[in-house]
2 protein chains.
Amino acid sequence: MLNHTTIDRSLRALAEPTRRAIIEKLSVGPASVSDLAKPFATSLAAVVQHLQILEDSGLVTSEKVGRVRTCRIEAGGFDALGDWLAQRRSLVERQLDRLDTVLAELRPAGRSAHRKGK
Amino acid sequence: MLNHTTIDRSLRALAEPTRRAIIEKLSVGPASVSDLAKPFATSLAAVVQHLQILEDSGLVTSEKVGRVRTCRIEAGGFDALGDWLAQRRSLVERQLDRLDTVLAELRPAGRSAHRKGK
DNA sequence: CGTATGGTTAAGCATGGACTTGAGTATTGA
DNA sequence: TCAATACTCAAGTCCATGCTTAACCATACG
């Protein structure tokens with residue numbers, strides 16, 4: 001399993017509405033810090049702090065040219081989280097399959113009816 | 001887009017190592033509250049609180065029979081989060097495609113080299 | 001040059017969230 | 001029926017986190 005700390009940082013970063021809104025905006029396209037701050041009622045400094053956390057989590061990168069910092073989503077920043085999620089879901093599937101098996105053994109003549117088709 | 005509050009609750013619930021560990025254990029199979037509490041150094045009450053949060057988030061269900069509460073992963077509890085993630089990733093892909101297009105237009109004779117094959 | 005713009009950093013505050021303890025309820029088993 | 005088990009609930013503590021303000025730098029513009 002890949003580094004657990006990456007998952008932790010990603011999830012913490014995303015578990016905040018403002019940061020999620022920033023991610024949502026950035027997933028449409030790059031933006032400057034003050035562009036990102038505009039929609040929010042909070043101060044610019046607060047947004048900068050959120051951006052710092054997003055960068056530490058590996059979800060966002062930024063580079064400064066002149067006096068403006070341009071932020072963008074880091075492609076692949078969601079991969080660790082995606083893998084973790086996929087693994088959870090596959091394990092849950094496995095559980096349901098085993099349940100099916102058990103039910104099938106309990107009434108061998110019938111067809112288990114509670115699972116959605118493949 | 002599906003209910004935003006669901007995403008919020010899922011992410012908040014998962015942004016905590018203990019709760020994630022509980023999820024990981026439950027994705028292997030159902031367990032009682034005290035089974036879940038065993039591996040942790042914390043008190044039982046703390047684990048119960050975590051379970052409450054996980055249930056509120058829709059990731060876990062439980063039912064009490066006799067004096068023991070059995071907890072299990074809610075199949076489909078990860079769907080909203082999975083959809084959100086997938087959408088982010090697809091939007092990021094779109095950005096990269098547009099970038100490819102721009103680069104291709106800048107040097108029409110060359111092949112863009114920075115993307116992995118389809 | 002001077003001023004505005006865009007961002008950075010630090011300090012302090014306030015709230016939320018994780019944890020503990022302790023007391024209580026309901027079930028089970030001897 | 002008594003004790004152990006398996007939670008449940010309430011109250012209180014404490015620390016992390018998000019926010020603000022304020023001072024500060026660097027770059028761009030008239």
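Lettering follows sequence order; numbering is per chain, from 1.
In the hydrophobic clustering of ILVMFWY residues, with side-chain heavy atoms under 4.5 Å counting as a link, I53(B) and I73(B) come out apart.
Contacts of E55(A) classified as side-chain contact (heavy atoms from CB on, under 4.5 Å), with partners at least two apart in sequence or in another chain: V60(A), S62(A). Taking the side-chain hydrogen bond (donor to acceptor under 3.5 Å, both in side chains) definition, one finds that S57(A) meets it with nothing, sequence neighbours left out. Looking at residues two or more places apart in sequence or on another chain, you find a side-chain contact (heavy atoms from CB on, under 4.5 Å) between V33(B) and L44(B), V48(B), L51(B), R69(B), C71(B). Listed by chain and residue number, T42(A), S43(A) satisfy the side-chain contact (heavy atoms from CB on, under 4.5 Å) test with A46(A) (two or more places apart in sequence, or in another chain). Not counting sequence neighbours, the partners of D79(B) by the salt bridge (charged side-chain N to carboxylate O under 4.0 Å, His left out) test are R89(A). Partners of R94(A) by side-chain contact (heavy atoms from CB on, under 4.5 Å), not counting sequence neighbours, listed by chain and number: L91(A), R98(A).
Each salt bridge (charged side-chain N to carboxylate O under 4.0 Å, His left out) pair with one or both residues in residues 27-38 of chain B, not counting sequence neighbours, appears once here: D35(B)-K38(B).
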Collect all protein-nucleotide pairs involving nucleotides 10-19 of chain D in which both atoms are nitrogen or oxygen and the distance is under 3.5 Å.
from	atom 1	to	atom 2	distance (Å)
dT17(D)	OP1	R12(A)	NH1	2.7
dG18(D)	OP1	R19(A)	NH1	3.2
dG18(D)	OP1	R19(A)	NH2	2.8
dG18(D)	OP2	R19(A)	NH1	3.4
dC19(D)	OP2	H50(A)	NE2	2.4

Can you tabulate the close N/O pairs, meaning under 3.5 Å, that link protein atoms to atoms of nucleotides 2-6 of chain C?
from	atom 1	to	atom 2	distance (Å)
dT5(C)	O2	R67(A)	NH1	2.6

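Between G66(A) and A41(A), the one whose closest nucleotide on DNA chain D sits nearer the 5' end is A41(A).
In this structure, L36(B) atom CG and dT8(D) atom P are separated by 12 Å, rounded to whole Å. In this structure, CZ of F40(A) is placed 12 Å from P of dT20(D), rounded to the nearest angstrom.
Side-chain contact of R72(B) with T61(B): a donor-acceptor pair under 3.5 Å is absent, judged by distance alone.
For the helix from dC1(C)-dG30(D) to dA30(C)-dT1(D), the rotation axes defined at the first and last 5 base pairs enclose an angle of 20°, given to the nearest 10°.
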Counting only pairs under 3.5 Å, give me each side-chain donor-acceptor contact of residues 11-18 of chain B, with atom names and distances, residues two or more places apart or in other chains.
from	atom 1	to	atom 2	distance (Å)
R12(B)	NE	D8(B)	OD2	3.1
E16(B)	OE1	T18(B)	N	2.8
E16(B)	OE1	R19(B)	N	3.2

